[in-house]
Amino acid sequence: MTNWNNLDTLASYKELLQSDVVDLKDAMTGEGGAKRVKEYRIPMAAGFTYDYAAKQVDDDILKTLVALANEAQLSDKFEELYNGAVVNTGEKRLVLHHLTRGQLGNDVVADGTNKRKFYEEQQQRIADFANKVHSGEITNEKGEKFTSVVQIGIGGSDLGPRAMYIALENWAKKNGKFLMDAHFISNVDPDDASAVLADVDVAHAIFILVSKSGTTLETLTNQSFVMDALKKDGLDPAKHMIAVTSETSPLADSPDYLAAFYMDDYIGGRYSSTSAVGGAVLSLAFGPEVFADFLKGAAEEDKLATEKDPLKNPDMLDALIGVYERNVLGYPSTAILPYSQALSRFPAHLQQLDMESNGKSVNRFGEPVSYPTGPVIFGEPGTNGQHSFYQLLHQGTDIVPLQFIGFKKSQLENDVDIQGSTSQQKLKANVAAQIVAFACGKDDENLNKNFKGGRPSSIIVGDEVTPEALGALLAHYENKVMFQGFLWNVNSFDQEGVQLGKTLAKKVLAGDISDALKEYADLLEI
């Protein structure tokens, strides 16, 4: 039987508070540093390696982190989750995004349905539909093939799928898998939809409306915007739109769509990239086989996350070190720094994943917690970030833990040798240099040029950004966030903080406002 206790009640956490802080600069200097880099790393799925040598941990702290994982029953709680326990206490729901890509435990039956079979059925329905679009069996009104796909959604219906599409776009072009170009409309700002529609051949575009409830204000507003544009071009919107929604939403089985594909309340938006939410757009853009490979990588990483030994479980170990940094060392934020242009929008997705999941100040039982929970997440791809916010990371007053992501090969392999090295070699040299620079610093009598070092980082290293690798990377962070939520004893699967502003916005539009809210409405000329 699992026990859900606050972090600060656990004996191993109290032991961590009394532990000596590792002098990272000393640990990473000379032969000792080289030894750490060889020893402090573990394999992930899809050929990745998780290297944590430049983190402020040593064997003693790792031993206590293992004890913390056992005391907090992290493996048992994950097992309960994937076997269908009601882990989402806020909404009294199961949490089943792992089932969208594989079976980790027992059959899960909910609402009278075997959920794994349900997700497989939806994946197959999407594959059949995408194949018919690609073959020309499903066409526009004039019998012409669709050439573009446009996803209309917001939050988890946009950030994850958009990041995944961008990550695989160049890979698909190189490997003959680029079948349709994809675009995304998310912001209710009319400039967003207008810009996308101006960029798309509307007559040959198929639009995916994504809303689990079928009532999301921004998404339905953008749907109306798109439908109006289609009608102005003399096109029937029902011949150009499909829906991804729940079976109980008003969008299900509607004559306004060519087809509807289903998700359910057990898949949170920010965890939905491996469901129909990501499956429809990625299968149309690159083909169902590419989406299947993406799911395969995620399933492989999920299986690793079931490993009970934290030192062999990269997702759990990453989570434990992150909680140590947040709650013992007191670092308030984390930077995600992918040294790959393909992952340019990946930090934005992880920002929602992490901050919407663990940005909580009450525990699973609605009681206030007395310790920090989720960190602020931000990031940009390298080397762009080096010329932006790395100044603060190197010499600012706050220490920001860093998570680098690097790849041995570029996607397009269209490179050139300049001054004795290729662009990809220069990229890799930069990330290697940054890890050591942050950890070891540089002494200088001129304090303006002095770097204290002692700034912790980890790096996930892979071969190349492929569908399978991307799936594994996505699952790693989803599982990391889950394990951290378990440690903080918060519900990582609801998002009440999203609702208040939306409710007040509806009141503004209805004119049901007063005081400060009315003054802001007048200022904005609503």
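- Ring pair Phe486/Trp4 is perpendicular by interplanar angle, where above 60° counts as perpendicular and below 30° as parallel.
- Here Lys296 pairs with nothing under the salt bridge (Lys or Arg N to Asp or Glu O under 4.0 Å) rule; sequence neighbours left out.
- Between Tyr50 and Tyr52, a ring centre-to-centre spacing shorter than 6.0 Å is recorded.
- Side-chain N/O atoms of Asp128 and Gln124 include a donor and acceptor closer than 3.5 Å.
- Looking at Asn175 and Phe178, their side chains never come closer than 4.5 Å, going by heavy atoms from C-beta outward.
- Between Met482 and Leu81, the closest heavy-atom pair is SD-CD1, 3.9 Å.
- Between the side chain of Gln411 and the backbone N or O of Val465 there is at least one donor-acceptor pair closer than 3.5 Å.
- Using a 3.5 Å distance cut-off with no hydrogens or angles, the side chains of Asn327 and Trp488 do pair a donor with an acceptor.
- A salt bridge links Glu169 to Lys173: one of the charged nitrogens lies within less than 4.0 Å of a carboxylate oxygen.
- The aromatic rings of Phe78 and Tyr82 lie perpendicular to each other, with more than 60° between the two planes, well past the 30° mark.
- Pairs of residues two or more places apart, or lying in two chains, that qualify as ring pair (Phe, Tyr, Trp, His ring centres under 6.0 Å) and include a residue from residues 112-140 are Phe129-Phe261.
- Listed by first and then second residue, the salt bridge (charged side-chain N to carboxylate O under 4.0 Å, His left out) pairs involving residues 472-486 are Arg101-Glu478, Asp318-Lys480 (not counting sequence neighbours).
- Looking at Gln73, its side chain does come within 3.5 Å of a backbone N or O of Asn3 through a donor-acceptor pair.
- Separating the CE atom in Met227 from the CG atom in Leu209 is a distance of 9.5 Å, to the nearest 0.5 Å.
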From CA spacing to verdict: salt bridge (charged side-chain N to carboxylate O under 4.0 Å, His left out), Asp264, Lys115:
CA-CA 10 Å; Asp264 54 41; Lys115 300 309 294 185; 2.8 Å; yes
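- Side chain of Gln122 to main chain of Ala276: no donor-acceptor pair is present (N/O by atom type, distance under 3.5 Å, no hydrogens or angles).
- The heavy-atom pair separating Asn140 from Ala203 by the smallest distance is ND2-O, 3.0 Å.
- Between the side chain of Glu464 and the backbone N or O of Thr466 there is no donor-acceptor pair closer than 3.5 Å.
- Using modelled atom types, one side-chain atom of Ser357 and one backbone atom of Ser492 make a donor-acceptor pair closer than 3.5 Å.
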Could you go step by step and tell me if Met180 and Thr147 meet the side chain to side chain contact (heavy atoms under 4.5 Å, CB included) rule?
CA-CA 5 Å; Met180 301 172 72; Thr147 56; 5.9 Å; no
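- Formation of a donor-acceptor pair under 3.5 Å by the Arg364 side chain with backbone atoms of Val87 is found in this model.
- Sorted by first and then second residue, the pairs that involve residues 79-95 and meet salt bridge (charged side-chain N to carboxylate O under 4.0 Å, His left out), not counting sequence neighbours, are Glu79-Lys308, Glu91-Arg93, Arg93-Asp265.
- Using modelled atom types, one finds a donor on one side chain and an acceptor on the other under 3.5 Å when comparing Gln495 with Arg270.
- A donor-acceptor pair shorter than 3.5 Å can be found between the side chains of Glu71 and Ser12.
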Can Val244 and Tyr262 be said to form a side chain to side chain contact (heavy atoms under 4.5 Å, CB included), step by step?
CA-CA 6 Å; Val244 174; Tyr262 301 119; over 6 Å; no
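- Considering only residues two or more places apart in sequence or on other chains, Lys360 meets the salt bridge (Lys or Arg N to Asp or Glu O under 4.0 Å) condition with Asp494.
- Here salt bridge (charged side-chain N to carboxylate O under 4.0 Å, His left out) pairs that include residues 190-210, with residues two or more places apart or in two chains, number zero.
- Put simply, the side chain of Asp315 never gets that close to the backbone of Ala305: no donor and acceptor are under 3.5 Å apart.
- For the pair Pro288 and Ile126, the minimum side-chain heavy-atom distance is 4.5 Å or more.
- Of the residues Thr373, Asn6, Asn491, Thr89, the one that meets the side chain to side chain donor-acceptor pair (under 3.5 Å) test with Asn363 is Asn6.
- Between Phe286 and the choices Phe291, Phe294, Tyr165, Trp171, the ring-ring contact (aromatic ring centres under 6.0 Å, His included) rule is met once, by Tyr165.
- In terms of heavy-atom proximity, Ile154 sits nearest to Ser186 at CD1-O, 3.5 Å.
- The aromatic ring centres of Tyr266 and His97 sit 6.0 Å or more apart.
- For the side chain to side chain contact (heavy atoms under 4.5 Å, CB included) with Asn358, the lone residue among Ile377, Val481, Leu353, Leu487 that qualifies is Val481.
- Interatomic distance, NZ of Lys506 versus CD1 of Ile513, reported as 16.0 Å (0.5 Å rounding).
- Remark: the backbone N or O of Leu251 is not paired with any side-chain donor or acceptor of Thr245 at under 3.5 angstrom.
- Environment of OH in Tyr371: crowded, with over 12 heavy atoms of neighbouring residues, nucleotides or ligands closer than 6.0 Å.
- Looking at Glu120 and Arg116, a side-chain N of the basic residue comes within less than 4.0 Å of a carboxylate O on the acidic one, giving a salt bridge.
- With contacts defined as side-chain heavy-atom distances shorter than 4.5 Å, the pair His204/Lys145 does not qualify.
- In this structure, Gly379 and Leu337 approach most closely via the heavy-atom pair CA-CD2, 4.4 Å.
- Salt-bridge annotation for Lys232 and Asp228: present, with a side-chain N of the basic residue lying under 4.0 Å from a carboxylate O of the acidic one.
- Among all heavy-atom pairs drawn from Pro375 and Met355, the shortest one is O-CG, 3.7 Å.
- Side chain to side chain, Asn489 and Asn5 fail the donor-acceptor criterion of an N or O pair below 3.5 Å.
- Without hydrogens or angle criteria, Asn187 side chain to Asp189 main chain gives a donor-acceptor distance under 3.5 Å.
- Contact annotation: the side chain of His183 never approaches that of Val149 to less than 4.5 Å [non-hydrogen atoms, C-beta and beyond].
- Nearest heavy-atom pair, Ser275 versus Thr100, reported as atom, atom and distance to 0.1 Å: CB-CG2, 4.1 Å.
- Counted by atom type alone, Ser211 and Thr216 present one or more donor-acceptor pairs between their side chains at under 3.5 Å.
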